[in-house]
Participant: 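Pasting a structure here, questions to come.
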Amino acid sequence: IFNFNINGPQFLCPQDTIQLIGTGDTTFHWFGPNQMGTSDSIINVTEAGTYVISLFFSDTNSYGCSSTSFGTASYTVQEFEVPIINANQTLLCPGDSAILTANTMMVNPSYNWQGPNGNITINDSNITVGTFGDYYCVISNAECTLESNTISILQYTSPEIISSSGSVICNNESLSLYVDSVFASSVNWLPPLSGSNFANSVSVPGIFQCEIVACGITTIASFEVFAD
């Protein structure tokens with residue numbers, strides 16, 4: 001019986017190098033990413049993928065008959081992906097909180113969470129936050145240290161009416177007004193305007209109002225338009 005095998009780490013850190021070791025009773029050749037027929041027993045690996053050792057070998061049975069066979073052994077190396085943080089919600093109404101979850105392929109990882117106030121001393125894949133700002137996580141184990149994506153948590157602010165072109169109507173032109181709120185669940189423009197769209201248009205000066213419901217809070221927002 002002919003014995004040969006490949007041993008080494010199964011995971012590769014980004015921009016890292018690992019070694020794969022081929023073991024067997026005779027000379028073999030490596031094939032895989034950046035490996036084309038190398039006959040060394042140890043190779044340096046910088047790319048994820050499947051690595052194969054192949055060889056021809058001869059065997060003689062108890063009757064003195066010889067035969068030649070071809071054999072292969074394969075080994076798959078995976079690259080650790082950048083950890084991804086997901087949130088059950090990214091908009092915080094008053095009194096709300098969000099659950100952040102860090103997802104990783106790592107085995108037995110430790111979690112170093114960072115937020116708007118610095119280090120968060122919770123070594124867990126899930127944290128609950130009630131402060132708006134940016135969050136990320138540095139995840140590490142015996143093999144790797146990786147930094148996750150950054151996720152932004154937004155906090156409720158009172159909605160308002162804005163205009164992209166100032167507050168003055170020039171030469172009898174119209175002026176576009178917009179409700180500025182990522183939290184708004186309903187919009188109701190008050191007379192002399194009407195409608196439930198986030199945008200409206202006026203062509204005369206005056207004070208214009210809109211009833212906006214956001215986070216269950218009703219706000220009457222006003223915007224004054226002046227004549228040239």
Side-chain angles (χ1 to χ4, degrees), residues 11-16 78-167 175-190 193-201 207-225:
F11 291 93
L12 176 68
C13 299
Q15 301 179 345
D16 201 1
Q78 301 180 62
E79 183 172 88
F80 281 117
E81 298 178 355
V82 174
I84 299 297
I85 296 177
N86 295 313
N88 67 329
Q89 61 179 354
T90 56
L91 305 177
L92 294 184
C93 292
D96 273 359
S97 60
I99 299 174
L100 308 185
T101 301
N103 300 289
T104 180
M105 300 167 57
M106 290 184 179
V107 177
N108 298 321
S110 61
Y111 300 86
N112 180 11
W113 287 92
Q114 301 292 321
N117 297 320
N119 186 56
I120 301 170
T121 56
I122 300 176
N123 182 18
D124 197 280
S125 59
N126 298 297
I127 61 171
T128 300
V129 300
T131 303
F132 74 96
D134 293 336
Y135 293 83
Y136 69 94
C137 189
V138 178
I139 304 175
S140 59
N141 66 1
E143 299 172 298
C144 260
T145 297
L146 297 174
E147 183 175 309
S148 75
N149 62 309
T150 297
I151 191 165
S152 296
I153 301 298
L154 304 178
Q155 193 170 48
Y156 169 83
T157 56
S158 297
E160 59 183 356
I161 300 172
I162 62 173
S163 169
S164 61
S165 53
S167 59
L175 188 69
S176 294
L177 304 181
Y178 304 91
V179 171
D180 183 24
S181 174
V182 295
F183 292 85
S185 58
S186 70
V187 170
N188 179 34
W189 292 92
L190 301 179
L193 301 178
S194 62
S196 58
N197 293 325
F198 273 65
N200 218 318
S201 180
I207 297 176
F208 300 93
Q209 294 183 311
C210 185
E211 182 182 71
I212 307 162
V213 178
C215 285
I217 301 170
T218 300
T219 300
I220 304 297
S222 299
F223 191 90
E224 187 170 5
V225 176

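Predicted model, so just to flag it, every value in this text is computed and none were measured. All heavy atoms count here, side chains included; hydrogens, waters and symmetry mates do not.
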Participant: Should the heavy atoms of other residues, nucleotides or ligands under 6.0 Å from CD of E224 be counted, would the total exceed 12?
Facilitator: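 Correct, the count exceeds 12.
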Participant: About how many Å separate CD1 of I122 and OG of S125, when rounded to the nearest 0.5 Å?
Facilitator: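 These two atoms lie 11.0 Å from each other.
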Participant: If you measure from OG1 on T101 to CG on N88, what distance do you get to the nearest 0.5 Å?
Facilitator: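 Going from the OG1 atom of T101 to the CG atom of N88 covers 7.5 Å.
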Participant: Which pair of heavy atoms, one from E211 and one from L190, lies closest together, and at what distance?
Facilitator: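 Closest approach of E211 to L190: N-CG, 4.2 Å.
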Participant: Kindly compute the distance separating CD1 (I139) from CD (E147), expressed to the nearest 0.5 Å.
Facilitator: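 Between I139 CD1 and E147 CD, I get 10.0 Å after rounding to 0.5 Å.
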Participant: With side chains defined as the heavy atoms from C-beta onward, is the minimum distance between C215 and D96 less than 4.5 Å?
Facilitator: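 Sidechains of D96 and C215: no contact.
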Participant: Is the backbone of S97 close enough, under 3.5 Å, to the side chain of Q89 for a donor and an acceptor to pair up by distance?
Facilitator: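 Here the side-chain-to-backbone pair exists.
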Participant: Determine the interplanar angle of the F80 and F11 rings, folded into 0 to 90°, and report it as parallel if under 30°, tilted if 30 to 60°, perpendicular if over 60°.
Facilitator: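 Answer is parallel, since the angle falls under 30°.
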Participant: Assess the residue pair M105 and E81 against the criterion (side-chain contact (heavy atoms from CB on, under 4.5 Å)); give the C-alpha distance rounded to whole Å, side-chain angles, the decisive distance to 0.1 Å, and a yes or no.
Facilitator: CA-CA 7 Å; M105 300 167 57; E81 298 178 355; 4.0 Å; yes
Participant: To the nearest 0.5 Å, how far apart are CG in L100 and CD1 in I120?
Facilitator: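 Interatomic distance, L100 CG to I120 CD1, rounded to 0.5 Å: 7.5 Å.
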Participant: Can you list the steps and then say if V138 with T145 is a side-chain contact (heavy atoms from CB on, under 4.5 Å)?
Facilitator: CA-CA 7 Å; V138 178; T145 297; 3.7 Å; yes
Participant: I'd like to know if the side chain of N188 pairs up with that of S196 as donor and acceptor (distance under 3.5 Å, no hydrogens or angles considered).
Facilitator: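 On atom types as modelled, these side chains do not qualify, holding no pair under 3.5 Å.
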Participant: Between the main-chain N or O of S194 and the side-chain N or O of N200, is there a donor-acceptor pair closer than 3.5 Å?
Facilitator: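 Flag set: sc N200 to bb S194 pair under 3.5 Å.
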Participant: Do the side chains of F183 and P159 get nearer than 4.5 Å, heavy atoms only?
Facilitator: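 Answer no - side chains too far apart.
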Participant: Between CD of Q155 and CG of L92, what distance do you get to the nearest 0.5 Å?
Facilitator: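 That separation rounds to 6.5 Å.
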Participant: Kindly compute the distance separating SG (C137) from CD1 (I84), expressed to the nearest 0.5 Å.
Facilitator: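 The CD1 atom of I84 is 12.0 Å from SG of C137, to the nearest 0.5 Å.
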Participant: Take D124 and N126 through the side-chain contact (heavy atoms from CB on, under 4.5 Å) test and state the conclusion after the steps.
Facilitator: CA-CA 5 Å; D124 197 280; N126 298 297; 3.8 Å; yes
Participant: Has the side chain of T104 got a donor or acceptor atom that lies under 3.5 Å from a matching backbone atom of P83?
Facilitator: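 Not a single qualifying donor-acceptor pair exists.
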Participant: Would you say the side chain of F208 lies within less than 4.5 Å of the side chain of L177, judging by non-hydrogen atoms?
Facilitator: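 Yes, at least one pair of side-chain atoms sits under 4.5 Å.
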Participant: Give the minimum heavy-atom separation between N119 and W113, together with the two atoms involved.
Facilitator: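 Residues N119 and W113, closest heavy atoms: OD1-O, 3.3 Å.
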Participant: Kindly give the heavy-atom pair with the smallest separation between N141 and V107, and that separation in Å.
Facilitator: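 Smallest heavy-atom distance, with atoms named: ND2-O, 3.2 Å.
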Participant: Could you pull out the closest heavy-atom pair between L193 and S201, with the gap in Å?
Facilitator: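 Closest heavy-atom pair between L193 and S201: CD2-O, 4.0 Å.
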Participant: Indicate the atoms forming the closest heavy-atom contact of I85 with Y135, along with that distance.
Facilitator: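 The pair with the smallest heavy-atom distance is CD1-O, 4.1 Å.
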Participant: Heavy atoms only: give me the nearest S163-Y178 pair and the separation to one decimal.
Facilitator: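 Distance-wise, the nearest heavy atoms are CA-CD1, 4.5 Å.
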Participant: For S165 and L175, what are the C-alpha separation, side-chain angles and deciding distance, and is it a side-chain contact (heavy atoms from CB on, under 4.5 Å)?
Facilitator: CA-CA 7 Å; S165 53; L175 188 69; 3.0 Å; yes
